[in-house]
Each structure stands twice: as structure tokens, then as C-alpha cells.
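So you know, we letter chains A, B, ... as the sequences are listed, proteins then strands, and number each from 1.
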2 protein chains.
Amino acid sequence: MNSKKILSQYIQNFVEVNEEEVDQFTSCFEEVSIKKRQFIVQPNFIAHHMYYVVKGAFRAYVVTEEGNDHTTSFAIDDWWITDYNSFIYQQPASSFVMALEDSIILRVHFEKQKELKETNHKFETIFRIMAERGLAFSQRRITSNLTLPAERRYDQFMSKYAHVAQRLPQYALASFLGMTPEFLSKVKNDKLRKKS
Amino acid sequence: MNSKKILSQYIQNFVEVNEEEVDQFTSCFEEVSIKKRQFIVQPNFIAHHMYYVVKGAFRAYVVTEEGNDHTTSFAIDDWWITDYNSFIYQQPASSFVMALEDSIILRVHFEKQKELKETNHKFETIFRIMAERGLAFSQRRITSNLTLPAERRYDQFMSKYAHVAQRLPQYALASFLGMTPEFLSKVKNDKLRKKS
DNA sequence: TAACTTCCTTGAAGTAACTTAAGAAAAAAG
DNA sequence: CTTTTTTCTTAAGTTACTTCAAGGAAGTTA
């Protein structure tokens, strides 16, 4: 199935659109192939696009002064990614977004997205729902980070997103969950020992 | 100035609306007075409303099995609050939302908000922008929590939200920043010592 | 199939932040 | 203003997690 068809199915989870609307929506997106380790967003540059991942995997992360990196978000097939803060305010980004696999994305430029939102109430609805769900997800993550110790954050993540974890290097998952890769390794190993 | 006038000014930060639209929008809100320590959201009950704080202060928090509480968000004048996850999915809440002061709020019921979003593109835009900014804020918070040690999280918060901190009990701020009240007390005191 | 490079594991030593407990200060209630 | 309740501070002891360092496994490139 071609990329724009996949995107059109995605938006039909949110609103009912006719053929013309589908075309209008998807025509604002550009398909781009991204090689593993290639960056689509970099610090100090404005994130001009939001990216819909047709196929592949990405990781967004920040690097501290000391050189430690921390995964702020990631995306696999059928998810979105960008430096959201940079994108919506059109200000310089603070994070990298890098491909973890050879990937295919559909990107929409800030101005194009703005036009879409303005021209059709339904398109506005799509982006509203995406933002709402993103916010809800983000708040659940904050709550886990505040309330659960490292091991239980890992358990909770795995119970919901085991299929995602498979496609992430472990250091990326560790820093997403707010722990060092060494500690995650220990957590996983303690689990194996307990079972047997 | 009356509450609905204040709300109407608030929405004019986002969209241009005529008098009729202002009325239509604000008429979906109910003004309610909330006494200090009163709850507007409780765990296991669905959050049927979103709350716009006209005057006052609120704290959202979760309580763990061990009985520790953790501030997930707060709101003072001109901010919004609810259990967002409960509200948008209309599922049982996991947090409390409690008044920290005697407050006046404007609340909108889930169904009313849905109607508003459906009936006028501009109203949809308002809630879209709110969700987008909420998400951006939430992501910045996650990044701070992942990358900064306790003292710097405190500094960063104070540099942006000192006026908010004044109105929060210190234990609420501490748990929002992901540390114990005892530790925040130490952090503040170390700072004073350094200065002199 | 060797030689990098990247990623993961293990363990020892260190530390940032937590827990517990008790008292002081401030705020609220009578 | 006196009492009670709530909030904040201080300090000692503890722990969950980090850092550092080195070796092993797995994937990637020649």
C-alpha cells in the first residue's frame, strides 16, 4: 500500500472525510526516505515539519552539557514525531530526532499544516485530537516518572509497548524511562533470575 | 470584572470572535465557587468538566499505594485544570484536584465542550491551541525531569514561575518537581548560605 | 572472516536524594 | 490571643540509582 493511502486511513480514525478531502489533506505531505542514523531535526534549527512515520523508527533526544543523552520521545510505524516545542512555536529546537532504521516518512511543513487547519474544520479536528491524546500520554508518563521506581516504570512500559521496545536500542529505552543503560540491564537481569 | 468577561478575554488570545460567538462560548460555562480544600476531581470518578480558574489556586495530585502524594499539575488565575486523561477519554480519574485557596472557576461539561468544538471552527481552534501548548509545556517538563538534578529543576522553575510558587505550599512544589519536601527545604537553604 | 564499531553486561565504589523523627514556625480555628 | 493544625526545617542514617571501568556479544563494513 502506498504511503498516502496509509495516512488517509490514519486520519479516518478521527474524522469522516470524502475523497476530495483525503486528497487535499495528503497532498500537503511529502514522502521522504530517511537512512538509519540520519537526522530530521537538530538543536538550534527550527523544526519546520511534523513527521508521520509510514515505516521505520525514530528517536528524539536531548544532549546535556555533560554529554549525556536522554530520549524524550520516539516513534515507530503509524506514529508522529518532531520537536513539538520547536514546531508549534517555530523556535530553535533543543533536541535531535534521528532515524533508528531506514525509514519512510510523510512530512508536513508548518505553513502547510496551518493552511490545512484553517481551510477545513475537520482537519483542525484531526490535529486537535492528536494534540489532546499526545498531552494525555505525556501526562501519564510524568505520573509514572514521579510515582514509580525504575523497575516498575520498566514493567509498565513493557506491558503496554513491548512491540516498540523490540525496535529500540536498550540505551534509548533506558534514557526514555529515566535510568542509565547499566541499571536497565541490571533490572532485566534481576527479573530473569527471579523467574528461574 | 465578571468571570465570563475574563474568560472572553482569554479566548481572544487565540481567535477573533464576535459578540454572538463570545456569548455562545461563555454560555456553556458555569461559574462555581470552591472552598479551600474542596475537591473538584477525585480518583475513580470520571472528570466530567474542564475548569478555567478565574481566581484561586488548585493542585492536581496522585497518591501512591504507600500513601505518598505527587503533584502532577496545578493552576492559578487564568489557567485550566482537570484530570486531562480522565476528561478526554471519559474514564475514571486517577488523581485528585483540590483547591489550595477559596476559588472561583468556570467549568465546562465534556458534552458541552464537544458541542462547542463541533458547532464552530473557531472554538475547535481554541481547544486545539490549548492542547498543543499544554503538550509543549508537558514535554519541556519531561525534559527537565530527565536532564536536570533537583537543584537545577528548582532554579529553572523559579526563574519562570516564581509568582506561582508563592501561592503553592512547598510540599506541593517539591512533589511537582519530583523531590521530597525535606530535600527542597535543604536546596533552598543551601542557596541562602551560598549567597552570604 | 577479520576488524571495526556499536551495543550490552557485570561488578565495585560513590553519591544524590529519600526516610525517619523531632522540633520550630506559621497559619487557621476557636 | 490561645490552642490546634498545618507546613517547614534540620540532621542522621539509608538506599536506589549512577559512575567508572573492563570485557563480551552482536552487527556492520571491508
Side-chain angles (χ1 to χ4, degrees), chain A residues 35-38 57 59 61 63-71 74 96 98-102 144-158 165-194 196, chain B residues 35-38 56-57 59 61 63-71 74 96 98-103 144-158 165-194 196:
Chain A
K35 284 277 170 205
K36 185 168 175 174
R37 273 172 240 282
Q38 191 180 331
R59 172 167 97 99
Y61 62 98
V63 178
T64 63
E65 296 154 14
E66 303 86 40
N68 301 318
D69 73 52
H70 298 268
T71 304
F74 46 74
F96 295 91
M98 194 185 77
L100 293 167
E101 308 171 357
D102 291 350
S144 301
N145 284 183
L146 288 177
T147 59
L148 303 176
E151 183 177 351
R152 296 204 41 215
R153 294 200 298 277
Y154 172 73
D155 290 342
Q156 190 180 278
F157 184 89
M158 291 306 283
Q166 281 179 348
R167 295 173 69 177
L168 300 176
Q170 223 168 92
Y171 64 83
L173 176 57
S175 75
F176 179 83
L177 293 174
M179 66 187 91
T180 57
E182 293 90 342
F183 196 70
L184 176 54
S185 180
K186 188 176 177 313
V187 163
K188 288 178 76 171
N189 231 282
D190 287 355
K191 243 170 240 311
L192 287 174
R193 299 238 167 89
K194 248 185 237 170
S196 61
Chain B
K35 284 277 170 206
K36 185 169 175 172
R37 270 170 242 281
Q38 192 180 330
R59 172 168 96 99
Y61 62 97
V63 178
T64 63
E65 296 154 14
E66 303 85 40
N68 301 319
D69 73 53
H70 298 268
T71 304
F74 46 74
F96 294 91
M98 194 185 79
L100 294 167
E101 308 170 357
D102 291 351
S103 303
S144 302
N145 285 182
L146 287 177
T147 59
L148 303 177
E151 182 177 353
R152 300 205 38 215
R153 294 200 299 276
Y154 172 73
D155 290 342
Q156 189 180 276
F157 185 88
M158 291 307 283
Q166 282 179 347
R167 296 171 69 176
L168 299 175
Q170 223 168 89
Y171 63 82
L173 176 57
S175 76
F176 179 82
L177 294 173
M179 66 187 90
T180 58
E182 293 89 345
F183 195 70
L184 177 53
S185 180
K186 187 175 176 321
V187 164
K188 288 177 78 171
N189 231 282
D190 288 355
K191 242 169 243 311
L192 287 175
R193 298 235 168 95
K194 248 184 235 170
S196 63

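Where B:Arg37 and B:Asn68 meet DNA chain C, the nucleotide closest to each residue was compared, and B:Asn68 sits on the side nearer the 5' end. Comparing A:Met179 and B:Glu182 against DNA chain D, the residue whose closest nucleotide sits nearer the 5' end is B:Glu182. Place B:Lys36 and B:Ala150 on DNA chain C by their nearest nucleotides, and B:Ala150 ends up nearer the 5' end.
In this structure, OG on A:Ser185 lies 11.5 Å from CE on A:Met179, to the nearest 0.5 angstrom. Of the inter-residue distances, the one linking A:Asn145 atom CG with B:His70 atom NE2 reads 11.5 Å to the nearest 0.5 angstrom. Atom CE of residue B:Met158 and atom CG of residue B:Leu173 lie 7.0 Å apart, to the nearest 0.5 angstrom. Rounding to the nearest 0.5 angstrom, the gap separating the CZ atom in B:Arg153 from the CG atom in B:Leu146 is 9.5 Å. The CZ atom of B:Phe157 lies 10.5 Å from the CG atom of B:Leu184; values are rounded to the nearest 0.5 Å.
Screening A:Phe74, A:Phe96, A:Tyr171 for a ring-ring contact (aromatic ring centres under 6.0 Å, His included) with A:Tyr61, the sole residue that qualifies is A:Phe96. In summary, of the residues considered (A:Arg167, A:Arg59, A:Lys36), a side chain to side chain contact (heavy atoms under 4.5 Å, CB included) with A:Leu100 occurs for A:Arg59 alone.
Between the CG atom of B:Leu100 and the C1' atom of C:dA27 there is a distance of 14 Å, rounded to whole Å. If you measure from atom NE2 of B:His70 to atom C1' of C:dC18, you get 11 Å, rounded to the nearest angstrom. To the nearest angstrom, P of C:dA16 lies 14 Å from CZ of B:Arg152. Rounded to an integer number of Å, the gap from B:Lys186 NZ to C:dT20 C1' is 16 Å. With rounding to whole Å, B:Asn145 atom CG is found 12 Å from C:dA17 atom P. At whole-Å resolution of the value, CD in B:Gln170 and P in C:dA24 are 19 Å apart. Rounded to a whole Å, the CG atom of A:Leu173 is 14 Å from the P atom of C:dC7. Spacing between atom CD of B:Gln166 and atom P of C:dA27 amounts to 13 Å, rounded to whole angstrom units.
Side-chain contact check for B:Thr147 versus B:Arg152: every heavy-atom pair is 4.5 Å or farther apart.
For the helix from C:dC8-D:dG23 to C:dG30-D:dC1, the rotation axes defined at the first and last 5 base pairs enclose an angle of 50°, given to the nearest 10°.
A donor-acceptor distance shorter than 3.5 angstrom exists from the side chain of B:Thr71 to the backbone of B:Ala172, with no hydrogens or angles considered.
If you check C:dC8, C:dT19, C:dT10 against the side chain of A:Asn189, the one that comes closest is C:dT10.
Note on A:Lys188: nothing from the nucleic acid sits closer than 4.0 angstrom, heavy atoms only. Within the nucleic acid shown, A:Phe183 comes within 4.0 Å of at least one base atom, counting heavy atoms only.
With a cutoff of under 4.0 Å to any heavy atom of chain A, the contacted region of DNA chain D is bounded 5' to 3' by D:dC17 to D:dT28.
The shortest distance between the side-chain N/O atoms of B:Thr180 and the OP1/OP2 oxygens of C:dC18 is below 4.0 Å.
Within 6.0 Å of CD on B:Glu66 lie more than 12 heavy atoms contributed by other residues, nucleotides or ligands.
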